[in-house]
Amino acid sequence: MGCTGPKSVIEVRNGLTFLDLIVIQIENLNSKYGCNVPLVLMNSFNTHDDTLKIVDKYSNSNIEIHTFNQSQYPRLVVEDFAPLPSKGQHGKDGWYPPGHGDVFPSLMNSGKLDAFLSQGKEYVFVANSDNLGAIVDLKILNHLVQNKNEYCMEVTPKTLADVKGGTLISYEGKVQLLEIAQVPDEHVNEFKSIEKFKIFNTNNLWVNLNAIKRLVEADALKMEIIPNPKEVNGIKVLQLETAAGAAIRFFDHAIGINVPRSRFLPVKATSDLLLVQSDLYTLVDGFVIRNKDRANPTNPSIELGPEFKKVGNFLSRFKSIPSIIELDSLKVTGDVWFGAGIVLKGKVSIAAKPGVKLEIPDGAVIENKEINGPEDI
């Protein structure tokens, strides 16, 4: 999305960032139940300094914020598997954060895990900071406590938009996570089938702190390695990463819980940002809630061209975010600019001709149309 710092500081709605919303949610939780649930942010060496500056603005809020750094590993040169820093690449480019599976050893190594255990904390709720649907749900927590589940993965029904998402399988008598990267090419289409694999991992995880300590101390978390090929300054390198969801098979009484789609609202691209900034959602106590006026249970599909890829460019191309409550799909290509108060309905396609700037005027209502120039509006 063209971010230079942590993604969690992008403004989502009403001038509030991802992090602002998370802080408001936890503040409400703490005041409602008279408790002290802290917010814990895992950073990489790329985002650590920026995050410390950002967190400073919450010093007067009713919430304890902790940060810790995940590990940094040397990138491996594909040619001979030597560490890139040994080839004279001394800057940050020689290193990488090894995926979110590293959350368990890093939480322990930072000293935070023991500190929380000494305060009597028992469970951690782990989620991506860009998932606006990942909020604390006490129904889930109660279930885990009553059934002594050390680990819980929230899964939700798969749609055609999620065909690449990891799924839960039963293998060798254990619940395990199967990621698309682990599937042989000839079976990829089968893996993507929403008939065969009906659920996918939201990466909202609930994990028992004592169990993390026991497994990390025993060096028992042997998650599958996911090779991630990259290129740095023309050199082909490999990053070996792990996923937090893959740890499910090492915990006792681990379960998956099928949750409503509302608990999975990630912002991975500007097309997602368009959805959450639009009238399709409203903001209540830091929670992003779907507008009841939308009859269709699924969100519109949105495809924006490369001109909209970076957040700065995306924001500059909309005077205001269009109304999309009755939109089914939107495809935008080329040099398109949106005015204020626009309403999009049904199936809309807007394509500017190469080298031509196409402006959609203020107040335009576009329903089931294909627009290639001003004459089509």
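All values below come from the heavy atoms of this structure, side chains included, with hydrogens, waters and symmetry mates left out.
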* Asked: Are I324 and L315 connected in a single hydrophobic cluster, I mean Ile/Leu/Val/Met/Phe/Trp/Tyr linked by side-chain heavy atoms less than 4.5 Å apart?
  -> yes
* **Over 12 foreign heavy atoms within 6.0 Å of NZ, K92** => yes
* Sub-4.5 Å side-chain heavy-atom contact between L240 and Y73 -> no
* Asked: Of all residues at least two apart in sequence or in a different chain, which pass the salt bridge (Lys or Arg N to Asp or Glu O under 4.0 Å) check with D137?
  -> K139
* Asked: Do other residues, nucleotides or ligands put more than 12 heavy atoms under 6.0 Å from Q119 CD?
  -> yes
* **Minimum-distance pair of heavy atoms, taken over all atoms of Q277 and E11** => NE2-O, 3.2 Å
* Asked: So do T202 and R263 actually touch side chain to side chain, heavy atoms under 4.5 Å?
  -> no
* Structure fact -> Interatomic distance, CG@N109 vs CG@N69, rounded to 0.5 Å, equals 11.5 Å
* **Pairs where residues 252-261 contributes a residue and the test side chain to side chain donor-acceptor pair (under 3.5 Å) is met, not counting sequence neighbours** => D162-R261
* Could you walk me through whether K7 and K268 pass the side chain to side chain contact (heavy atoms under 4.5 Å, CB included) test, one step at a time? => CA-CA 9 Å; K7 188 162 136 192; K268 299 287 180 201; 4.1 Å; yes
* Asked: Should we count NZ of K331 as having more than 12 external heavy atoms under 6.0 Å?
  -> no
* Asked: With a 4.5 Å heavy-atom cut-off, do L221 and I212 have their side chains touching?
  -> no
* Kindly indicate whether the side chain of L132, heavy atoms from C-beta on, has any atom under 4.5 Å from the side chain of L21. => yes
* Heavy atoms only: give me the nearest N203-N128 pair and the separation to one decimal. => ND2-OD1, 3.0 Å
* **Whether F197 and F191 hold their rings parallel, tilted or perpendicular, with breakpoints at 30° and 60°** => tilted
* Check the angle between the aromatic planes of F251 and Y151 and answer parallel, tilted or perpendicular using the 30° and 60° thresholds. => tilted
* Asked: Do Y33 and I22 share a hydrophobic cluster, counting only Ile, Leu, Val, Met, Phe, Trp and Tyr and linking them when any side-chain heavy atoms are less than 4.5 Å apart?
  -> yes
* Asked: When hydrophobic residues are tied together by side-chain contacts of less than 4.5 Å, even through go-betweens, does L274 share a cluster with L344?
  -> yes
* Asked: So how far is it from H100 NE2 to M223 CE, rounded to the nearest 0.5 Å?
  -> 9.5 Å
* Asked: Counting distance only, does the side-chain N/O of N291 pair as donor-acceptor with the main-chain N or O of D279 below 3.5 Å?
  -> yes
* Asked: So how far is it from L144 CG to I257 CD1, rounded to the nearest 0.5 Å?
  -> 5.5 Å
* Candidate pair V207 and F104, rule side chain to side chain contact (heavy atoms under 4.5 Å, CB included), full reasoning -> CA-CA 10 Å; V207 195; F104 305 115; 4.1 Å; yes
* To do: Using atom types as modelled and distance alone, determine if a side-chain donor or acceptor of N149 lies under 3.5 Å from a backbone N or O of I255.
  => no
* Sub-4.5 Å side-chain heavy-atom contact between L178 and Q176 -> no
* **Verdict with reasoning, F68 to V103, per side chain to side chain contact (heavy atoms under 4.5 Å, CB included)** => CA-CA 10 Å; F68 68 96; V103 65; 4.3 Å; yes
* In Å, rounded to the nearest 0.5 Å, how long is the span from CG of N131 to CG of L265? -> 6.5 Å
* To do: Nearest 0.5 Å please: distance from the CG atom of L39 over to the CD1 atom of I65.
  => 5.0 Å
* To do: Using modelled atom types only, decide if a donor and an acceptor are shared between the side chain of N28 and the backbone of Q25 within a distance under 3.5 Å.
  => no
* Please check if atom NZ in K57 has more than 12 non-hydrogen atoms from other residues, nucleotides or ligands closer than 6.0 Å. => yes
* Asked: Under 4.5 Å between any side-chain heavy atoms of V267 and V12, yes or no?
  -> no
* To do: Give a yes or no on whether E122 atom CD has more than 12 heavy-atom contacts from other residues, nucleotides or ligands under 6.0 Å away.
  => no
* **By side-chain hydrogen bond (donor to acceptor under 3.5 Å, both in side chains) - contacts of Y58 (at least two apart)** => D20
* Is there a chain of hydrophobic side chains (I, L, V, M, F, W, Y, each step under 4.5 Å between heavy atoms) that links I140 to V37? -> yes
* **Ion pair check, R249 and E224, cut-off under 4.0 Å** => yes
* Indicate, with yes or no, if F125 and M42 share a hydrophobic cluster defined by side-chain heavy-atom contacts under 4.5 Å among Ile, Leu, Val, Met, Phe, Trp and Tyr. => no
* Asked: Distance from L304 atom CG to N313 atom CG, nearest 0.5 Å?
  -> 11.5 Å
* May I have the step-by-step check of side chain to side chain contact (heavy atoms under 4.5 Å, CB included) for K236 and E231, ending in yes or no? => CA-CA 5 Å; K236 286 188 165 57; E231 198 166 295; 3.6 Å; yes
* Less than 4.5 Å apart, any side-chain heavy atom of D335 and any of R317? -> yes
* To do: Kindly give the heavy-atom pair with the smallest separation between I377 and K369, and that separation in Å.
  => C-NZ, 3.6 Å
* To do: Might you confirm whether atom CZ of F45 has over 12 heavy atoms from other residues, nucleotides or ligands at distances under 6.0 Å?
  => yes
* To do: Would you check if V163 and I194 make a side-chain contact, meaning some heavy-atom pair closer than 4.5 Å?
  => yes
* Minimum heavy-atom distance S278-P322, with the two atoms named -> CB-O, 4.0 Å
